[in-house]
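Indexing begins at 1, ligand by ligand and atom by atom, following the structure's order.
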Amino acid sequence: MALEIHILDYGDIELETSFLVLGHECGRVRRVRTYGFLILGGPWPVVVDTGYRDNAIMESLGMRGLQFHDNMIEQQLAKHGVKLGDVRYVLHTHLHIDHAGKDDHFPMNTTVVINRRELECSVSGLMHPQYPKPDIQHLIERLHTQDALRFMDLELTGAEEIFPGLWCEPAHAHTEGSMNVIVDTGDGLACICGDVIYNFNDQIVNQVRQTQYMEPQVTGNHAGSKRGEKAAIKKLLMNFKYLLPVHDEPALIEHGRVVGRLGRRVPGPVAQTVSNRDWFPV
Ligand SMILES: [Zn+2]
């Protein structure tokens, strides 16, 4: 089955650059995307990540949200003829403030899929402000509602399928419970990798402040070990043709290297876009 991935644009965030790349350009503000993904071509529409609740909530992290009317999840889905109630599953790469903010827009019979470890982390207090109260409270509501939540145990199972051609694997980076979403596009495997990679250019293509050959640069995130983070990035580069993080444009990968990038506005599904001019070489 050839599945299509469409990009949903939930609005940008302004944050400090060193948050993205460890120790890089401290004090300098950078503007990044916040994407979600709509997977079509399977038995039901599936959404991966839902963006941040509203602009005000980003201030709790000292960041600025730039979410406008066109970025509303309803508007983004409507561009593809999809309504909230049509979506069978909402999958979460993880539950940080900018990834699970709109789950309460979906009806309770849309099942939200989370790696169980991630929900545990969200209530552990360890990264407290990054898991805001209204988002997590809604997920607890789902926990007590029939079929509203589905847990994965990816550390133990290794991979779990949603339907043929779509499955989840543990990310082993960014947060303890992060998961990658793998999509068979019929033209190679695509991996929606959440925040395991923030920025292709600074971390992988130009590897800022890095002297070793083909050594990925790490993010400013500190939930796990830096060795683990590098390994998780290398694993992505070795195993997938397309990498789709949430805060940067998708990349085309060959032999562990970034060889193409997709323009900001994506006109069609990833599988159909590969050979046209929207991919530009690095
Ligand atoms: Zn994020």
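- A ring-ring contact (aromatic ring centres under 6.0 Å, His included) check over residues 7-31, counting only residues at least two apart or in different chains, returns nothing.
- Put simply, the residue from R227, K234, K230 that forms a salt bridge (Lys or Arg N to Asp or Glu O under 4.0 Å) with E215 is K230.
- Not counting sequence neighbours, the partners of N206 by the side chain to side chain donor-acceptor pair (under 3.5 Å) test are N201.
- Using a 4.5 Å heavy-atom cutoff, the side chains of D49 and T34 are not in contact.
- Hydrophobic clustering, defined by side-chain heavy atoms of Ile, Leu, Val, Met, Phe, Trp and Tyr closer than 4.5 Å, groups Y213 together with M214.
- Protein N, O or S atom count below 2.8 Å of the Zn ion (ligand 1): the structure gives 4.
- Counted within 6.0 Å of NE2 on H80, heavy atoms from surrounding residues, nucleotides or ligands total more than 12; the atom is thus considered enclosed.
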